[in-house]
Amino acid sequence: MQESLEAVFGRFQGRSEELIPILQQVQEHFGYLPKEALRAVADFTRVPESRVYAVATFYAQFRFRPIGRQHIMVCRGTACHVRGAPRILQELEKQLGIKEGETSADLEYSLETVACIGACGLSPCVMVNRQVQAKFTPQKAAQLVRRSDSAAASQTH
Amino acid sequence: MADLRLTIDGRQVVVAQGATILEAALDAGIYIPHLCHHPDLKPVGICRLCMVEVAGRGMTLACLAPAEDGMVVKTESQQIDKVRRVALELLLVNHPGDCLTCAKNNRCQLQRIAAYVGVSPQRFARLRRTEKTLPPDDSNPFFLFDPNQCVLCGICIRTCDEIVGANAIDFAFRGFQTMVSTLSGRWVESSCVSCGECVVRCPVAALVPKRYQQPQHEVQTVCPYCGVGCTIYVGIRGGRIVAVGGDRQSPVNQGRLCVKGRFGHDFVHHPDRLTTPLVRRDGQLVPVAWDEALELVARQFDQYRGDAFAAMSSARCTNEENYLMQKLVRAVLGTNNIDHCARLCHSPSVAGLARTLGSGAMTNTIQDIAQSRCIFAIGTNTTAAHPVLALKVVEAVRRGAKLIVANPKHIDLDRHATLRLQHQPGSDVALLMGMARVIAEERLYDAEFIARRTVDFDAFRASLERFPLEFVEQATGVPRQHIVEAARMFANHKPASILYAMGITQHTHGTDNVLAISNLALLTGNLGIPGGGINPLRGQGNVQGACDMGALPNVLPGYQRVDDPQIRSKFEAVWGCTLPPGPGLALTEMFDAMLRGQIKAVYLMGENPLLSEADAQHAERALRQLDFLVVQDIFLTETARLAHVVLPAASSAEKDGTFTNTERRVQRVRKAVDPPGEAKPDWWIICQIAQRLGASGFSFSHPQEIMSEIASLTPIYGGMAYQRLEPQGLQWPCPSMDHPGTPILHTQRFATPDGKARFVPLDYKPPAELPDDEYPLLLTTDRSLYQYHTGTMTRRVEGLEVLDGQERLCINPHDAAAMQLADGQQVIVRSRRGRVMVRVKVTSSCQPGVVSLTFHFAETPTNVLTHAALDPVAKIPETKVCAVRIEPLDGPPQPGLHQQITDTTSCAGR
Ligand code: SF4
Ligand code: SF4
Ligand code: SF4
Ligand code: FES
Ligand code: FES
């Protein structure tokens, strides 16, 4: 972690105004903001660590837990809701064994919900790693999980 | 400044300029509901409960609006009621309302406001209540944070920022989710220093101590730990200490405390306390009655009168007890072999400053530090070792003062520093003389002060030639421009204050370091003025007092020299004895004398040299060789286990007396609870032994009588009497009963014979043992905020053990990588004298090539490693620098190892 942080900090001067861009780059590197990294950012910018955390939590763009390799976002907008989003979410939760907002212990899946993703015509929608999957169903949910599980398994062999 | 007159609710109110309407009202006893206001903090106006009406101006927040002359204020009207009712209801919506079982019941501000404003049951029932409950954070061992109770007043956040400077908490998240949080949410994993200042200020039960009982009554006394000497109120119930709070009136701490002073008192009631005298029989320490133990001690001491006897007094005992100890040693046992742990901490300050200024104590007061325009903190990890004093540094910085921190380690104070100098351990003389050279060359010195109040400037100036900046840069490792910058900053911001501690003194050239500090302060004319001064921060609670009382081999009470016949005859007349004329042995010399068989009997009070002495195995061998060793303590310390007789003493919470803090303030220590079992105050024990040795002059029935004798013989304590120490003590010198005490030393003249201060030319001497091929790393020692000295007290406080219960070898990430050491890995640290096993902590707080350990932990006795090379003047060992190497240990820890190193580990399992 030390080296990666030093690489990020190398692009900045350590002024407190740089806090947000620094946090963005740190997140880009790690996929989230690890606690130790936040401490290092505090040291580097001489902004108190609690302030760094306050700023980071204020913005929705920052996350504080690692995100799964499969980042699943279930749309909860009106259109999707009407066409069965709750059942899709339920099924995904069941299949993955995690609740909304959580990441599986093996860091394979993260499950989140979002407000309308702007593809109402294709509703109900689910996004997997930023790709929209249209006309989603609970059956597809099960498939999605099985598919990526076997993919992950074949990768490790 | 003229006072202001205003009218509040038809009442005439007079208040000082600068007060707000709320302060004016509260001052006059007029209640205005308020939640986010706290008298110690800047107002922010976020709760909107303090709404008032000002004639001609309408509604305003009383906590923000300055009071003005002629103002007419109303605190009650329909409109006010409407506004604050809404504000209150919005708070109550989210508040649990289980008042009867709430920890803050009866002391809660929200309760008080609700009662005052009045909440109608119908409306309350209609308010939509949130069902969501957030998990409380109970990670801190001493207090609990329950976000569900929190009213978001921000008092805790502002306390931690404005007063403590730890900045551990802030408002995190946003909107309805907003909550008080540390980085990542868990209190213990943050920069929180567990001082509890936020807890005492929280108006509701969001932050509460984990263990709290309302005390039956309170006793004002002094914190048993460090030399800051904070005044505390000890809350007692059923004969036990149940709560401790700071004394807001105290000029020392204004109510503030650190984690040890607020939460670290459990040791007093710990089951390990010694409760009966112990005598060694067939190799075992067995309990006996006081009479038997005292008889034995007296009989034995009688055989070792003269220089075969030595005593180690204690910086944790009162002035009265230290006075009696040195009186016993000198007047009854006929030797000057008395010393105490000041030898290991500030003997160079006493020796060095006595030479240059005539008096070896802090020249200014703690409060004064906040007035400085520049603070130079060198060799002091102030926030860890003198936490409440460090708050004054933070305060000064907030007022715009410059802060220069010089420390071989990266310390917490650095966060507040204007300039940080990370010099090589032991290179202080070079650094200080380098700064002096810049000041001399750039003519930034105070020529008028130098001419009027000092001597030997020319010789000193000539010696600066020996410190060209290239050399200084190379010796200290500090870039040249930083040295120049520091010199200018220090010289250009007057008054400037120098704070220092053991990073300066614990060296073979400790006295030179102190002289270099003295030179720098004299050069810039920073003595005898408020906000200036040379301020050695004393370590243990009464170490200043133990020195003042003459628990030193060369001086009688009040630094009156034993080799001065006139002084001796003054004491001889009162004590009715003949005093030994020559100085005795220093603590560090006593151990050699024991090994030589010259010292045969030792009386040791409240000391634990087996862990505190440099080259501890040497000390242990010496003590084991004694014919007779008496240890008097509150616990069976590592050292006490070697004793022939162990005498159970009362802790400072169990007796009356006085402590003198680091700013020379003599303060009352008061008995709060009874000692456990048969334990007795040290003064009583000393008197008993003296009387059994046939001595007169030891029949005291209360420490107050001892203080009268001290005052009669000790000019600097001449005006000290218990009734005069109420309520906030007196600072010496205080020569007579009508003298108000002396906050700042040397305002008119120095305490030298000619009244002038002395410059001292200096040379650079490197530390006695530096790294080489065989021992490539430099080991320095430091302190943890959560532990104290050899841990006899703090390690018996469970919460402190949770916060920091284990020794760690701090090592720079680059060194760790080079040696392939991972964080938490077990290693052996070896020096030429011994070895300890410890886990490593990889941290950039250490510079490459430097590692550090504390000395608080018996299971890793750091001082078996340190070097007992002595400063030639002060005879302090160089515990800040020695050479070590690290041997990685694979596999699980081997518990048997310590036994081979030293057999002092038995109390370690706690
Ligand atoms: S206990 Fe002290 S350091 Fe910790 S959050 Fe509260 S005020 Fe800050
Ligand atoms: S924890 Fe207490 S002091 Fe802090 S914001 Fe909440 S109510 Fe105020
Ligand atoms: S700063 Fe020292 S005297 Fe004050 S509370 Fe802490 S340990 Fe006690
Ligand atoms: S509601 Fe789901 S995409 Fe718009
Ligand atoms: S006390 Fe004035 S707004 Fe809170």
Side-chain angles (χ1 to χ4, degrees), chain A residues 1-10 13-20 22-24 26-27 30-67 99-103 112-115, chain B residues 145 147 152 154 156-162 164-193 198 394 397-398 403 405 410-420 812-817 822-823 842-845:
Chain A
M1 176 172 297
Q2 180 95 10
E3 285 100 77
S4 327
L5 285 172
E6 275 168 21
V8 171
F9 295 163
Q13 274 150 356
R15 284 181 292 122
S16 54
E17 310 87 81
E18 296 171 328
L19 184 56
I20 290 173
I22 293 174
L23 289 174
Q24 283 166 334
V26 171
Q27 171 149 309
F30 296 101
Y32 72 111
L33 295 174
K35 202 187 307 175
E36 285 317 312
L38 287 173
R39 282 213 180 96
V41 171
D43 255 0
F44 179 58
T45 54
R46 295 188 69 162
V47 173
E49 57 173 46
S50 59
R51 186 85 237 157
V52 170
Y53 189 65
V55 169
T57 53
F58 186 85
Y59 294 99
Q61 57 174 298
F62 295 117
R63 53 180 79 250
F64 304 91
R65 256 173 265 146
I67 189 150
K99 292 254 166 275
E100 166 204 351
E102 293 180 347
T103 295
E112 285 177 7
T113 57
V114 282
Chain B
F145 172 60
L152 300 178
C156 55
I157 295 172
R158 285 177 283 140
T159 300
C160 195
D161 173 35
E162 291 176 35
V164 184
N167 292 98
I169 42 181
D170 206 335
F171 286 126
F173 306 98
R174 66 188 173 284
F176 288 123
Q177 261 82 46
T178 304
M179 67 183 282
V180 172
S181 177
T182 63
L183 168 73
S184 83
R186 271 170 60 82
W187 229 273
V188 276
E189 287 163 21
S190 70
S191 61
C192 167
V193 292
C198 56
V394 173
V397 172
R398 289 189 73 91
L403 172 64
V405 177
H410 180 19
I411 55 171
D412 182 53
L413 206 56
D414 288 342
R415 288 190 301 114
H416 306 279
T418 325
L419 183 62
R420 228 186 98 193
N812 183 277
H814 295 283
D815 290 337
D823 200 68
V842 179
T843 159
S844 43
S845 69

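Note on naming: letters A, B, ... go to the chains in the order of the sequence lines (proteins, then strands), and numbering restarts at 1 for each one.
- For B/Phe173, the parts lying near chain A are the backbone and the side chain together; criterion is any non-hydrogen pair under 4.5 Å.
- At least one donor-acceptor pair closer than 3.5 Å links the side chain of B/Arg174 to the backbone N or O of A/Thr57.
- Considering only heavy atoms from C-beta on, B/Leu183 comes within 4.5 Å of A/Lys35 through its side chain.
- No side-chain heavy atom of A/Ser50 sits under 4.5 Å from any side-chain heavy atom of B/Thr182.
- Of the listed residues B/Ala417, B/Gly175, B/Cys192, the one with more heavy-atom pairs under 4.5 angstrom with chain A than any other is B/Ala417.
- For chain A, the nearby part of B/Asp414 is the backbone; its heavy atoms alone come within less than 4.5 Å.
- Checking side-chain atoms of A/Glu49 against main-chain N and O of B/Ala168 turns up no donor-acceptor pair under 3.5 Å.
- Distance alone, capped at 3.5 Å, is enough to place a donor-acceptor pair between the A/Arg46 side chain and the B/Arg415 backbone.
- In this structure, no portion of A/Ala42 lies under 4.5 Å from any heavy atom of chain B.
- Here the CZ-OG1 distance, from A/Phe58 to B/Thr178, works out to 8.0 Å after rounding to the nearest 0.5 Å.
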